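Take a look at the structure below.
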Amino acid sequence: MQEQYNFKEIENKWQQYWEQQEIYKVEDLSERPKYYCLEMFPYPSGKLHMGHVRNYSIGDVVARCKSMQGYDVLHPMGWDAFGLPAENAAIKHGIPPATWTWDNIAHMRSQLKQLGLSYDWQREVATCHPEYYKWGQWLFLQLYKKGLCYKKHARVNWCPDCATVLANEQVVEGACERCSSTVVQKQLDQWFFRITEYSQRLLDDLKRLPGWPDKVKTMQENWIGRSEGAELTFKVDGTEDEITVFTTRPDTVYGVTYMVLAAEHPLVSKLSAGTPEEAAVTQFVNRVGKQTELARTSSEKEGVFIGAYCINPFNGEKIPILTANYVLYHYGTGAVMGVPAHDERDFEFAKKYNLPIKVVIYPKENQELRLEEMTEAYTQDGVMANSGPFSGTPNRQGIRKVIQYAEEQGVGRGIINYRLRDWLISRQRYWGNPIPIVYCEKCGALPVPDHQLPVMLPTDVEFKPTGESPLKSRPDFVNTTCPECGGPAQRETDTMDTFVDSSWYFLRYTSPRDGEQAWDKEKADRWMGVDQYIGGVEHAILHLLYSRFFTKVFYDLGLLSVDEPFDNLLTQGMVLKDGTKMSKSKGNVVSPEEIIARYGADTARLFILFAAPPERDLEWSDRGVEGSHRFLNRVWRLVYSVKDQVIGAPAVDANKNYVGVHKEMRRLTHYAMKKVTEDVTGRFNFNTAISTIMELVNGIHTYRDKVAEVERDASILAEAINSTIILLTPFAPHIAEELWAATGHQGSVHKEPWPVFDPAALVEDEVEIVVQINGKVRERLNVSATLNPAELQQYVMELESVKALITGKQVVKIIPVPGKLINIVVK
RNA sequence: GCCGAAGUGGCGGAACUGGCAGACGCACUGGACUCAAAAUCCAGCGGUGUAACAACCGUGUGGGUUCGACUCCCACCUUCGGCACCA
């Protein structure tokens, strides 16, 4: 062992050793308990950033600790390798996307290896590899054959900069999630996955995920957006047309004073045709129809009368039909009944356009609500009024009764609506997984037969400045033969959204090299679900919802035995510098490469785990990094200074009655075992786990310095040193290996069992008790730890110092808490 | 506007079940070692106050429950995150 801590040498040495010994290789099937530890795989953008370092350091601590606790740990890594940046690089620098991607992967893989992460690299997957995307295509076809995948001409979000459509989930405040350009609406033929079919299950099963943060579950719940209500049908006056509305308040149906259709609603132009209002309506629809949802919903409510009326099926009233910007075509039925008295939006709208307002809910029976006095809609519960036979019914009950009546009369029904929309998966891009569909003039759209998979993505491509996918101009790709009739056919040139690729990678890891199937069910069943999933909260909806959807579909197809992919989820916070997210534009980026070169991977890992608990944002601190590095140096020097006494020391005799500093040293050691284990495997508070190890190291320092070498108990010292090294292993694996070897041990410390504390070693003879008078600390004293409350009270109350504190006062009450304090209440 | 999380020294954070607020680290101050510096080691480090003790104040603000509140309850303020005409 060298006197100096030479991290560079050590880290290289052990990384090579791990690779040669295949120490992190995991068996597919064994008798040992399994643990699947997974971190969100990265997009190979070129270099690791600190967010990656944090994500993967957290995962590595969990994986290593679980492995040392005797689990078979599946801890894989791979690449979310399709995506737009590769194409942008190609356009900008002329490098083919495949070359660019594979180069980045090679570099980032070596960076991950430099961090000393315990991945089983033999399981590495890359979504752009034909052996991976082949099964993505196969899975697409399984959904297609099950009717969960369809093509539709639809109004969709289009990002002009990315030159592709986007899923709703990828549109953030009207802008492209990726490049922030304003998203426009286009009518296009697009492929969808029928995720809405799973709305209720996706919602219900959130309850079965106690290991997920509430925040993420709430976000998914809001996204799914379930709402209970009714569909009611109104006949259009003088025609055969009908308007169906969705409402959550059927109890207010007697208060309808107008009807509103979305601008896109087909009846708008049909009903206004030939009326005096036609020109105004057309103008309005043209103007509003061009606006994005965001533009519409952020501007003031406006609308126009379309020149037609409909009939309220409940009271026969004739009410005007309008079209307005505040009604969304894609939600519900694209039509809304206007009940201004009991809906805020309707109230605002009715006031603006002088539409009649009719009160049909009173706060309480006989407590009339006067229209003249209303300054806002009354949206709370109450009693139905002016509602024919329903008047006097409490409105909650009324909801059910009105629905029942509507169903009997054939004018409506109870229904549940969801905000969730089908997942638009086709992208007009090149660098993605080709959709395995061919179009034959005679036979129509057909799935590519399984034996022809994968539809290979050509890699020798040229990009034109038009932004058009290079696949379209490749006759060798487009032209094929029809699998049905053998005639000429054309391939689909759209590729899949990369979220499709990342929605099942956790399954492929269980059989990464299987050439016969997407995964081996037996293996997948052994490893799934993921015991711990770790990643950024930015994927709370997109990736996590899609993955849940896929898992449920695969469960239904019999491909899996679980229907939720991730049992426990940890969402880590961002890495900040100077209070804001690191970014090139702000010039506050700290590169992992630089930190590793300067201080080593162990220091980088230790700091990033120590600086904050994982769920919180982490403020980067160069000083803090130095502090972590200093700590590792301190551990190194400590071990160096006592190694000769530690090597060959006999094991601690747990039955021996140690006293004084020796006992205290042993107590500290076992306390650290207990605390670190709890913090790492229970609450994932790595910062406090590390601070506990620091306390142990400080304690050993004191023991070494205060106790002469001949007086030291070699067994206790060895136990303390060995425990320090083992407890440090998940956080700083390289230095731990080196110190383990230096203290006379054979083999990898990672193969050592995780320590289990001895409760007997934690027992103290004496404890410090605080004496409080009226809740204020007045004195501290050491008492025997075995005293029960009565004995404690007696002992304390007889002390002269305590008597002095309460002289002249009347003792009202005494609360003794053994091991902690005694509170004397006086007057 | 609605929902959620958080607010603790100069800074990052700790206090897990209502029981000594500030563990651990950073920064800073003083000392040891050194010709000197770095490194290292030792000590101090919330505020007011005192010669020093004592005492008092102190976990966003105001109230409450309790022998006792960073922790529980009510109201409010601030910051961050999510949702936002969803009928």
Side-chain angles (χ1 to χ4, degrees), chain A residues 172-173 213-223 225-227 229 245-249 252 260 262 293-294 296-301 324-328 330-339 342-346 348-349 417-421 537-538 540-541 573-574 576 606-607 610-613 615-628 630-631 633-634 637 675 678-679 682-683 685 687-698 701 705 768-780 812-826:
Chain A
V172 180
E173 286 180 5
D214 290 338
K215 179 167 73 164
V216 174
K217 286 188 279 190
T218 306
M219 282 165 73
Q220 292 210 352
E221 217 175 291
N222 290 339
W223 191 261
R226 181 186 202 268
S227 83
V245 298
F246 173 71
T247 177
T248 55
R249 294 294 304 272
T252 63
V260 202
E293 203 172 288
L294 182 81
R296 276 193 232 188
T297 56
S298 56
S299 55
E300 204 186 324
K301 289 181 185 45
N325 61 348
Y326 77 96
V327 174
L328 307 170
H330 62 75
Y331 183 77
T333 58
V336 170
M337 61 187 209
V339 188
H342 306 291
D343 182 283
E344 280 172 42
R345 294 155 302 185
D346 296 345
E348 186 193 329
F349 190 73
N417 232 306
Y418 300 90
R419 258 191 281 192
L420 184 68
R421 282 183 260 169
V537 72
E538 64 273 19
I541 296 171
M574 287 187 296
L576 312 176
L606 195 72
F607 168 72
F610 178 62
E615 302 220 304
R616 258 199 253 180
D617 286 350
L618 181 153
E619 175 68 27
W620 185 266
S621 156
D622 292 333
R623 296 286 201 179
V625 178
E626 281 174 34
S628 294
R630 201 153 32 199
F631 170 70
N633 265 302
R634 192 169 146 82
R637 283 194 309 273
K675 174 80 170 145
E678 283 169 3
D679 284 354
R683 358 180 265 164
N685 278 15
N687 54 333
T688 52
I690 292 167
S691 69
T692 304
I693 300 173
M694 287 172 170
E695 284 176 279
L696 175 59
V697 169
N698 292 343
H701 263 272
D705 295 343
E768 194 185 64
I769 289 284
V770 166
V771 180
Q772 294 184 340
I773 309 290
N774 290 344
K776 293 200 173 180
V777 180
R778 290 296 133 151
E779 181 140 3
R780 292 154 198 281
V812 180
K813 201 173 181 182
I814 301 170
I815 298 108
V817 184
K820 297 229 162 90
L821 55 75
I822 180 161
N823 189 12
I824 305 164
V825 186
V826 299

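Computation of the quantities below employed the complete heavy-atom set of this structure, encompassing side-chain atoms and omitting hydrogens, waters and symmetry-equivalent molecules. Just so you know, these numbers come straight off a predicted model, no measurement behind them. Labels below follow one simple rule: chain letters A, B, ... track the order of the sequence lines, proteins then strands, and each chain is numbered from 1.
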[X] and [Y]: which non-hydrogen atoms are nearest, and at how many Å?
X	Y	value
D679(A)	A689(A)	OD2-N, 3.3 Å
P816(A)	P818(A)	O-CD, 3.7 Å
G819(A)	I769(A)	N-CD1, 3.7 Å

Starting from [atom2] on [N], measure out to [atom1] on [X] and report it in whole angstrom.
X	N	atom1	atom2	value
Y326(A)	rA87(B)	OH	P	13 Å
D617(A)	rU79(B)	CG	C1'	12 Å
N222(A)	rG82(B)	CG	P	13 Å
D622(A)	rA27(B)	CG	C1'	14 Å
E221(A)	rG82(B)	CD	P	18 Å
L606(A)	rG12(B)	CG	C1'	14 Å
F610(A)	rG25(B)	CZ	C1'	4 Å
M694(A)	rG12(B)	CE	P	17 Å

Expressed as a whole number of Å, how far does the [atom1] atom of [N] sit from that of [M]?
N	M	atom1	answer
rC2(B)	rA15(B)	P	33 Å
rG47(B)	rA21(B)	C1'	14 Å
rC70(B)	rU59(B)	P	7 Å
rC74(B)	rU65(B)	P	15 Å
rU78(B)	rU61(B)	P	15 Å
rA37(B)	rA32(B)	C1'	15 Å
rU71(B)	rA6(B)	C1'	15 Å
rC16(B)	rC73(B)	P	16 Å

Would you classify [X] as touching base, sugar-phosphate or nothing, given that sugar-phosphate means primed atoms plus P, OP1 and OP2, and contacts are heavy atoms under 4.0 Å?
X	result
E344(A)	nothing
N698(A)	sugar-phosphate
G627(A)	sugar-phosphate
K776(A)	sugar-phosphate
R778(A)	sugar-phosphate
D214(A)	nothing
S621(A)	nothing
E626(A)	nothing
V327(A)	base

Residue met sooner reading RNA chain B from 5', once E695(A) and R637(A) are mapped to nucleotides = E695(A)
T248(A) or K820(A), whichever maps to the more 5' nucleotide of RNA chain B = K820(A)
key: H342(A) vs R249(A), side chain to side chain donor-acceptor pair (under 3.5 Å): CA-CA, chis, key distance, verdict   = CA-CA 9 Å; H342(A) 306 291; R249(A) 294 294 304 272; 5.5 Å; no
query = Does K217(A) NZ have over 12 foreign heavy atoms under 6.0 Å away?
reply = yes
ask   = When you look at CD of E538(A), are more than 12 heavy atoms from neighbouring residues, nucleotides or ligands closer to it than 6.0 Å?
value = yes
Nucleotide nearest [X] when distance is taken to its side chain, options [options]:
X	options	value
W223(A)	rA23(B), rC83(B), rG19(B)	rC83(B)
K675(A)	rG68(B), rG25(B), rC16(B)	rC16(B)
D705(A)	rC42(B), rG13(B), rG19(B)	rC42(B)
R419(A)	rC83(B), rA23(B), rC67(B)	rC83(B)
S227(A)	rA87(B), rG19(B), rU40(B)	rA87(B)
N687(A)	rC3(B), rC67(B), rA14(B)	rA14(B)
R683(A)	rC67(B), rA15(B), rA27(B)	rA15(B)
F246(A)	rC57(B), rA87(B), rG12(B)	rA87(B)
L821(A)	rC24(B), rG19(B), rA87(B)	rG19(B)
L328(A)	rA87(B), rA27(B), rG19(B)	rA87(B)

With a 4.5 Å cut-off on side-chain heavy atoms, are [Y] and [X] touching?
X	Y	value
T247(A)	V336(A)	no
M337(A)	T252(A)	yes
I693(A)	F610(A)	no

inquiry  = For E348(A), give me all partners under salt bridge (charged side-chain N to carboxylate O under 4.0 Å, His left out), at least two apart in sequence or on another chain.
reply    = K301(A)
remark   = Read 5' to 3' with Watson-Crick or G-U pairs under 3.5 Å, [ ] for crossing pairs and | for partners on another strand, RNA chain B gives (((((((..(((......[....))).(((((.......))))).(((......)))..(((((..]....))))))))))))....
ask   = Does the rC67(B) base have a donor-acceptor partner in the side chain of N823(A) within less than 3.5 Å?
value = yes
ask   = Is there a side chain to side chain donor-acceptor pair (under 3.5 Å) between R634(A) and N698(A) once you walk through the steps?
value = CA-CA 9 Å; R634(A) 192 169 146 82; N698(A) 292 343; 2.7 Å; yes
note = Glycosidic torsion of rG9(B) (syn if within 90° of 0, anti otherwise) classifies it as syn
ask   = Can you find a side chain N or O atom of R616(A) that sits less than 4.0 Å from OP1 or OP2 on rG81(B)?
value = no
